[in-house]
Amino acid sequence: MVSGSDEHGTPIEVEAIRLGVSAKELADRNHAKLLELLQKWGISFDNFTRTESPTHKRFVKEHLTKIYNNGYIFTQKTEMLYCEKCKRYLPDRFVEGKCPYCGYERARGDQCEACGRLLETTLLLEPYCVICKGKPVVKETEHWYFDLPKFSDQINAYLEKNKQLSANARNFSLNLIKEGLKPRAVTRDVEWGIPAPFPGAEGKTIYVWVEAVLGYVSATIEYFKDHGNPQAWKDYWFDKKARTLYFIGKDNIPFHTIILPALLLASHEEYNLPWNVAATEFLQFKGEKASKSQKIGIWMHEALELLPADYWRYFLMATRPETKDSNFSWRIFIEKTNADLNDTFGNFIHRTLTFIDTQFNSEIPEIQSLDSDSQAILKSLEEKVETVAEQLENCELQSAITTVMGIARTGNQYLNEKEPWKLIKTDKTKAANILRVAAQYVKALAIVSAPFIPLSAQEIWKTLNLPGSVHEQEWNEALRRLPRNHKIGKPKPLFRKIDSDEKELEEKLQNVRRILAVAS
Ligand SMILES: [Zn+2]
Ligand SMILES: [Zn+2]
């Protein structure tokens, strides 16, 4: 599992100029922050690298040189906005102006935030340089272009054939091809980025859209180089039995279904093309599109000041927008946390382990044979664990977490129906049977919930007093019997109910935001 910081866009360069630091310094700072957040959120990559990594830069230069030598890159004169005062061309975020479609006054050079349309800088009405606010002139420049239309047929065939691609990714991409692909600029007149390796392109850098997606390959190369096995990356990218999967938002679809495949094909090497691109729709924030500039949303570092990562992770997976946009509201967040995470999942595990702790002297009861009810309920567990695995394989993560929650719900119902707290006084063997089964459910829940709520899953594993980390276990461990005469640790509640209402939570968020703003 690899990814990294995509660092060479104009937003970083513009922000760095504004802050009076170098782009590299700002990128270093952002990457360090991101690594810290990933760790705090329990997100574990095998290699979370960055596009500033020397391995990435080298790979991009070599790969683009191959594509150039294969004849897929040509030059063309074009017109760009230029600021004579700053002595620089003004691509993308370097320029703002009036949107030609909706009239919004502060539309950015690449996109209008108000109407969402993609723009070219030269389309802006009344453009101005974002650094000096001066009026730019139109100036001719030369750029290198990738001949994307040459790959239309091959990409079309690839999309037609790959039925497992998410429906939105597939249909959107097929449509783009039908409308006709256009050549795309590979170079930029900016300083921040990877120097273009083409003859005559001195002073130009590679346009970020070309190199960022190649980072999937370079991150794999870097991983195996760092692990003393520098050829093993090829198993993932060339062995036809290997499959690569991508998890993205829908705004990123064409980069993964058209551009990355075309860049790989253009090398004339037999790269594996993306096998599945799981593209989600958008998560809205209280009915609105999230926006950094308008502070619509909750930021990763703010969220952790309110509640531990697993609360958010559960909500995000349970409402993952797989087929249509979903929505965050405090009300839904409180409901999901309290009803699912606390009352169903947490409560089932806590009651089971507390009962074993107090009634069976912390030892998971041993039994002679399972009664038929217990056998049936274990059979149902087996089926559900298998279902979660299938759903994960199909990238149906929302369905998978729903099935996991269903396991906890069945466990809870089983306890409610059997009432072992009554049976323990009259028929200890029967009570033991029930708690044995419930304990197996708890163990299975630790394993199957581990991808979703990793910190809590490890807590369960620890309380079950099982060796190692839950994250090192194989899937089948979920159904293996707990060891004989096994003692568990002292159970603690995994979650707590949110007792604040919507208004109070919003106030807490605003407080956190104020405190963090002062601290930084
Ligand atoms: Zn607009
Ligand atoms: Zn300027």
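We number each residue from 1, following the sequence as shown. Keep in mind that the numbers below use all heavy atoms, side chains included, and drop hydrogens, waters and symmetry copies. Indexing begins at 1, ligand by ligand and atom by atom, following the structure's order.
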Under 3.5 Å, is there a donor-acceptor pair between the H31 and E7 side chains? no
Can T49 and N47 be counted as having a side-chain donor-acceptor contact under 3.5 angstrom? no
Minimal non-hydrogen separation, N327 against F315, with atom names: O-CZ, 3.9 Å
Taking the six-membered ring for Trp and the full ring for Phe, Tyr or His, determine whether the centres of Y246 and Y216 are under 6.0 Å apart. yes
With distance as the sole criterion, is a donor-acceptor pair present between the side chains of T319 and K336 under 3.5 Å? no
Please state the angle at the Zn ion (ligand 1) spanned by SG of C115 and SG of C112: what is it, rounded to 10 degrees? 100°
Any side-chain donor-acceptor pair under 3.5 Å between T187 and H143? yes
Centre of Y207's six-membered ring, under 6.0 Å away, within 45 degrees of the axis: is that where NZ or CZ of R188 sits? yes
Metal environment of the Zn ion (ligand 2), protein N/O/S under 2.8 Å: C83 SG, C86 SG, C129 SG, C132 SG
Apex the Zn ion (ligand 1) - arms SG from C99 and SG from C102 - angle rounded to 10°: 110°
